[in-house]
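These notes concern the structure reproduced below.
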Number of protein chains: 2
Amino acid sequence: MGTFKIGELAAAAGVGRDTIRYYERSGLLPAPDRTAAGYRLYGDADLDRLNFIRSAQELGFTLEQSRQLLTLQASDTATAAAVLEITLAKISEAESRVRRLSHIRDILRELAEECPGEVPASDCPILVYLAAKRSSRRDEAIKEKSLREQ
Amino acid sequence: MGTFKIGELAAAAGVGRDTIRYYERSGLLPAPDRTAAGYRLYGDADLDRLNFIRSAQELGFTLEQSRQLLTLQASDTATAAAVLEITLAKISEAESRVRRLSHIRDILRELAEECPGEVPASDCPILVYLAAKRSSRRDEAIKEKSLREQ
DNA sequence: TTGCAGGTTGGACCGTGGTCCAGGGTCAAG
DNA sequence: CTTGACCCTGGACCACGGTCCAACCTGCAA
């Protein structure tokens, strides 16, 4: 309840001042009122908005998606279905990342288990695996896309 | 068997020419011999090296880690234990990412299930969750570090 | 009045793994 | 001899989510 200068808002929300200005530039926070000297003045709604964004970030939403969610929240014509759509997409993204990471983890676990430790590095099954012909490791083209998304 | 120009090596390895030059700059590939005209000339060992790097990338290793693994492979004093150490670190990284992503996925699934779809967006339980006071959502400081690692 | 903490701006920079471009040189085929 | 495909270099640019900087201005306390 009340108005904050940028440093106060930053402290309240647990982010940096620069982050707040960055969010403003990115269209996540509205341009705030200013004092005569040009200082930004914020209110409780801005703190709520920042907290919303932080919660969304923790759930894996990008800033752009957070922006969309905030827009939906403010809309009086949008329905929950639009929010659900974004959420379902995020769920399947999380699912495929979990699948891919679990797969990697399993391969690494197997290799680590086989590794005796006290042999020369060049005999290490992990390096042998990495040096092996790639012909069998299947469907390169498919995986290529998901390399960025690990 | 044979020597390649950069385009041939790129095609054989399934990467771009620029990627090969980038790897050279980054110390992942040795500076190759050149023709009189300055063209880079590669051999089978370079193709093997590129394939090694690609395999390592698919297992989630960074280029820097790939470089370390290649160095260990080439060393005649290093033991497999050094490779194992890198691998174990990668495994626990994968494990914590899987935990985090699974947690997110579960929260989103729950919220999505509660969402009726045909209500105004602002009544959507997903948005309600994001707008809720953050006080309960625990241990902010701890999570903060892992935000980048999603 | 002076000092210092805070505010302002525009713009550069970070990591990661590339990708693209301009402006040139080279090489083999037709 | 020209055309086109390939090669060279140095440097800019991409996403993403910030972070930091210089150079300046403001507001409050001692």
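Numbers restart at 1 for each chain; the letters A, B, ... are given by sequence-line order, proteins then strands.
- Taking atom CG of L50(B) as the reference point, atom C1' of dG17(C) lies 14 Å away to the nearest angstrom.
- Distance I20(B) CD1 to dC6(D) C1': 14 Å, rounded to the nearest Å.
- For D123(A), the salt bridge (charged side-chain N to carboxylate O under 4.0 Å, His left out) criterion is met by no residue, not counting sequence neighbours.
- Nearer to the 5' terminus of DNA chain D, by closest-nucleotide assignment, is the contact made by E8(B) (compared with the other of D18(B) and E8(B)).
- Atoms CZ (R17(B)) and P (dC6(D)) sit 7 Å apart, rounded to a whole Å.
- For Y39(A) and dG6(C), a side-chain-to-base donor-acceptor distance below 3.5 Å is present, hydrogens and geometry of angles not being considered.
- S26(A) meets the side-chain contact (heavy atoms from CB on, under 4.5 Å) test with Y22(A), L28(A); sequence neighbours excluded.
- With sequence neighbours excluded, the residues satisfying side-chain contact (heavy atoms from CB on, under 4.5 Å) with F61(A) are A56(A), L59(A), Q65(A), S66(A), L69(A), I86(A), T87(A), K90(A), L108(B).
- Counting non-hydrogen atoms under 4.0 angstrom, G7(A) reaches the backbone sugars and phosphates but no base.
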Distances for protein N or O near nucleotides 12-17 of chain D N or O, under 3.5 Å:
unit_1, atom_1, unit_2, atom_2, d
dG17(D), N7, Y22(A), OH, 3.4

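- A sub-4.0 Å separation between OP1 or OP2 of dT9(C) and a side-chain N or O of R21(A) is absent.
- The side-chain contact (heavy atoms from CB on, under 4.5 Å) search around R105(B) returns I91(A), A94(A), E95(A), V98(A), S102(B), R109(B), not counting sequence neighbours.
- Whole-Å rounding puts the L41(B) CG to dC27(C) P distance at 11 Å.
- Distances from the side chain of R40(A) to the nucleotides dC7(D), dG18(C), dT9(C) place dT9(C) closest.
- Within a heavy-atom distance below 4.0 Å of DNA chain D, the residues of residues 26-38 of chain B found are R34(B), G38(B).
- K5(A) has its NZ atom 7 Å from the C1' atom of dG27(D), to the nearest Å.
- The end-to-end axis angle of the helix from dT1(C)-dA30(D) to dG30(C)-dC1(D), rounded to 10 degrees and based on five pairs per end, is 30°.
- Residue V83(B) comes nearest to A121(A) through the heavy atom pair CG2-CB, 4.3 Å, listed as atom of the first residue, atom of the second, then distance.
- For the pair L9(A) CG and dG7(C) P, the computed distance is 10 Å after rounding to whole Å.
- Expressed to the nearest 0.5 Å, how far SG of C115(B) lies from CG of L111(B) amounts to 9.0 Å.
- For E24(A), the side-chain contact (heavy atoms from CB on, under 4.5 Å) criterion is met by A31(A), P32(A), R34(A), R40(A), Y42(A), not counting sequence neighbours.
- Applying the side-chain hydrogen bond (donor to acceptor under 3.5 Å, both in side chains) rule to D18(A) yields the partners R21(A); only residues at least two apart in sequence or on another chain are considered.
- Not a single salt bridge (charged side-chain N to carboxylate O under 4.0 Å, His left out) links R99(A) to another residue, sequence neighbours left out.
- When each of dG18(C), dT8(C), dC7(D) is scored by its nearest atom to the side-chain atoms of T19(B), the top-ranked nucleotide is dG18(C).
- Remark: R49(A) engages no residue in a salt bridge (charged side-chain N to carboxylate O under 4.0 Å, His left out) (not counting sequence neighbours).
- Considering CG of L29(A) and OH of Y23(A), their distance stands at 8.5 Å, rounded to 0.5 Å.
- One can place CZ of R67(B) at 15 Å from C1' of dT16(C), the figure rounded to the nearest angstrom.
- When rounded to the nearest whole Å, the span between CD1 of I6(A) and C1' of dG6(C) equals 11 Å.
- Sequence neighbours left out, the pairs with a member in residues 69-78 of chain A that pass side-chain hydrogen bond (donor to acceptor under 3.5 Å, both in side chains) are S75(A)-T77(A).
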